[in-house]
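Written below as structure tokens is the structure these notes are about.
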Number of protein chains: 2
Amino acid sequence: MTIKTVAVVCGTHGNEITGVYLHKKWQKNQALIQRTSISTQLVHANPKAYTNNRRYIDQDLNRQFAKHDLENMALGGYEQSRAKVINQQLGPKGNSKTDLIIDLHTTTSQMGPTLLLPQKGAFYNQLAAYVSMQMPEVIVFCDEDDKANDEHKLLCTIGRYGVIVEVGPVPQSVLRHDVFEKSEKMTQLILDFVELYNNNQLPELPKTVAAYRYLKSLTLPVNEQGERIGMVHKHVQDNDFKPLQPGEPLFITFDGEVIPYQGDKTVYPAFVNEAAYYDNNLATSLMEKIELKVAR
Amino acid sequence: MTIKTVAVVCGTHGNEITGVYLHKKWQKNQALIQRTSISTQLVHANPKAYTNNRRYIDQDLNRQFAKHDLENMALGGYEQSRAKVINQQLGPKGNSKTDLIIDLHTTTSQMGPTLLLPQKGAFYNQLAAYVSMQMPEVIVFCDEDDKANDEHKLLCTIGRYGVIVEVGPVPQSVLRHDVFEKSEKMTQLILDFVELYNNNQLPELPKTVAAYRYLKSLTLPVNEQGERIGMVHKHVQDNDFKPLQPGEPLFITFDGEVIPYQGDKTVYPAFVNEAAYYDNNLATSLMEKIELKVAR
């Protein structure tokens with residue numbers, strides 16, 4: 001089944017401004033995001049948060065797209081309302097008029113150019129293989145919901161397919177030339193892939209593609225009063241997707257005490273010390289290394 | 001004249017949180033910031049901005065300390081009021097009860113540990129020489145006001161002496177282990193210096209110390225409607241205090257056009273692409289390289 005309608009979304013988080021400036025560029029030169037077999041639209045997801053130079057006004061918009069939340073009219077915060085509007089515009093979730101959503105994000109973590117896949121499937125694995133082949137520094141990040149896509153809270157899950165382009169490191173509210181370029185290149189490669197996919201012209205892809213799958217998140221250490229007492233150890237800082245072994249330094253308290261990683265197997269941190277996750281006192285995500293099989 | 005009273009200030013910018021956590025540490029263990037010849041107090045300059053996780057509520061607090069602004073009762077914004085209170089508590093400017101103010105800041109720019117000196121003088125040059133000798137990676141940043149200290153807008157200028165400890169890179173609202181450590185070490189070295197200075201026990205200092213002096217700021221490129229059309233080129237990004245020659249790439253437009261540096265002599269960028277300076281559309285500061293003479 002071909003991909004006919006694509007939405008490139010920016011500003012889902014108001015202080016991740018790279019996508020907003022890419023939109024300005026593409027609005028001036030629409031040919032850059034068109035391909036012969038698809039129709040591409042640009043959507044600015046949270047203009048109010050952007051104007052206020054904040055991640056969000058009331059709630060994190062990129063956590064409002066579980067189906068039961070979209071259907072719950074009692075949820076009336078700004079982003080809870082905005083999610084319903086976007087679902088009307090691009091979805092509805094489960095029966096979407098948009099075949100592919102590409103949602104542009106940035107991170108303060110040293111994650112490089114990351115392609116986040118919220119669902120499993122042959123389409124995603126071929127996409128990941130193509131983008132990795134063309135841009136070998138891309139990391140493939142699998143974050144499927146265990147239960148069902150209906151439960152998944154990300155904006156991009158309201159499309160038939162959806163992915164996140166997540167590039168870092170860049171501070172919130174900052175434009176970096178390198179991050180701008182990588183975000184643009186990844187988006188172009190995804191659109192190129194769709195065109196080749198639609199026309200049955202994909203090049204020979206590798207049989208497998210290396211990826212990381214989300215396991216769980218770790219919180220920063222707190223005392224009995226719930227006050228933060230430490231931070232991510234420099235052994236882990238900036239080492240996203242590098243192996244972390246049991247017993248290696250993970251946190252350090254402000255008094256200088258090292259807290260080691262207590263797990264029983266090698267993991268790979270991601271979103272290490274991401275600024276936006278301080279709200280929930282999150283320190284890092286932990287990932288496992290996997291291989292995706294690519295269908296011919 | 002000895003230094004008797006010292007204030008260590010944090011949270012002047014509400015989203016530069018490293019100093020706030022150092023304060024928490026020192027409040028629990030006051031001995032760390034005491035020395036036999038001085039009395040040290042801790043001051044949280046802008047707790048309201050910190051609680052709101054923003055640089056400021058109404059105005060940048062660290063631009064409110066020119067004497068004529070402190071005396072102007074018509075300026076009634078939150079930070080304009082807060083500045084008057086802090087001037088009462090630590091100053092008054094020009095006749096200060098505080099001999100030395102150490103104001104703790106962070107930057108999103110790749111500036112490493114930077115010691116910012118807002119005034120000229122033998123005391124400052126000896127301090128810079130001592131800190132550089134003990135911590136060679138420290139950069140000395142001179143930002144004296146051309147006219148008079150009365151005109152200087154920084155909080156630390158209300159002390160008899162005042163300095164800024166400015167460490168980066170760290171995104172706003174993030175704690176980094178390395179930045180925490182460097183900020184702590186610099187503060188400790190400044191307090192050590194004061195103790196040695198007071199007791200006439202300074203070690204032999206170098207005759208000169210390398211430093212950079214602020215020349216001017218550059219704005220990001222805009223079109224005739226005042227809209228931003230480009231960003232800092234990756235040739236300059238992360239190259240704070242590295243030489244920039246006339247004709248070298250400085251900006252790049254979103255359409256890919258390189259805008260070279262148009263000056264007529266070698267300069268050294270600082271605060272390159274600092275997140276907080278986007279409000280004023282500032283791209284970078286330009287510095288000249290100088291040598292400070294150290295009196296015996």
Side-chain angles (χ1 to χ4, degrees), chain A residues 15 17-18 20-29 32 52-55 106-109 168-182 184 220 223 227-238 249-256 258 272-279 283, chain B residues 15 17-18 20-29 32 52-55 106-109 168-182 184 220 223 227-238 249-256 258 272-279 283:
Chain A
N15 56 12
I17 66 175
T18 304
V20 178
Y21 280 89
L22 280 169
H23 267 221
K24 290 179 202 253
K25 173 172 184 167
W26 293 328
Q27 272 156 355
K28 269 177 49 187
N29 190 351
L32 291 170
N52 283 270
N53 197 16
R54 293 169 56 172
R55 184 174 175 88
T106 59
T107 170
T108 68
S109 305
V170 58
Q172 294 173 338
S173 316
V174 167
L175 272 179
R176 274 183 72 106
H177 182 188
D178 53 355
V179 170
F180 185 92
E181 277 189 340
K182 286 172 191 165
E184 184 175 22
L220 288 162
N223 64 15
E227 297 161 342
R228 202 174 292 157
I229 57 165
M231 57 198 153
V232 171
H233 194 283
K234 56 189 171 188
H235 180 73
V236 174
Q237 179 73 49
D238 302 335
L250 174 60
F251 301 121
I252 184 156
T253 69
F254 301 125
D255 296 328
V258 175
V272 172
N273 209 10
E274 159 61 43
Y277 294 175
Y278 276 55
D279 282 11
Chain B
N15 55 12
I17 68 175
T18 304
V20 178
Y21 280 88
L22 280 168
H23 266 221
K24 289 179 203 253
K25 173 172 184 166
W26 293 328
Q27 272 156 355
K28 269 175 49 186
N29 190 350
L32 292 170
N52 283 270
N53 198 18
R54 293 169 55 172
R55 183 173 173 90
T106 58
T107 171
T108 67
S109 306
V170 59
Q172 294 173 338
S173 316
V174 168
L175 273 178
R176 274 182 71 106
H177 182 189
D178 53 354
V179 169
F180 185 93
E181 277 188 340
K182 286 172 191 165
E184 184 175 22
L220 287 163
N223 63 15
E227 296 160 344
R228 201 173 294 157
I229 57 165
M231 56 197 155
V232 172
H233 194 283
K234 56 189 171 186
H235 181 73
V236 174
Q237 179 71 51
D238 302 335
L250 174 60
F251 301 121
I252 184 156
T253 69
F254 301 125
D255 295 329
V258 175
V272 173
N273 210 9
E274 158 62 42
Y277 293 175
Y278 276 56
D279 283 11

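The analysis underlying the following values was restricted to heavy atoms, covering all of them including side chains, and did not include hydrogens, waters or symmetry mates. Just so you know, these numbers come straight off a predicted model, no measurement behind them. Letters go in sequence order (proteins before strands), and every chain restarts at 1.
Looking only at heavy-atom pairs under 4.5 Å with chain A, the residue among B:Arg176, B:Glu184, B:Gln172 that has the most is B:Arg176. Note: B:Arg228 leads B:Arg228, B:Glu274, B:Lys28, B:Arg54 in heavy-atom pairs under 4.5 Å with chain A.
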Item to check | Pair B:Tyr278-A:Ile17, side chain to side chain contact (heavy atoms under 4.5 Å, CB included): steps then yes or no | outcome: CA-CA 12 Å; B:Tyr278 276 56; A:Ile17 66 175; 4.2 Å; yes
Checklist entry - Given the rule in the side chain to side chain contact (heavy atoms under 4.5 Å, CB included) test, do B:Phe180 and A:Ile252 qualify, once you have shown the distances and angles that lead to the verdict? => result CA-CA 11 Å; B:Phe180 185 93; A:Ile252 184 156; over 6 Å; no
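Only the side chain of B:Asp238 comes within contact range of chain A, with at least one heavy atom under 4.5 Å from a heavy atom of that chain.
A donor-acceptor pair under 3.5 Å is formed between the side chain of B:Asn273 and the backbone N or O of A:Leu175.
In summary, B:Lys24 and A:Glu227 do not engage in a salt bridge, as defined by a charged side-chain N under 4.0 Å from a carboxylate O.
B:Pro171 pairs with exactly one of A:Pro169, A:Pro171, A:Ser109 by the side chain to side chain contact (heavy atoms under 4.5 Å, CB included) rule, that one being A:Pro171.
Rounding to the nearest 0.5 Å gives a distance of 10.5 Å between CZ of A:Phe254 and NE2 of B:His177.
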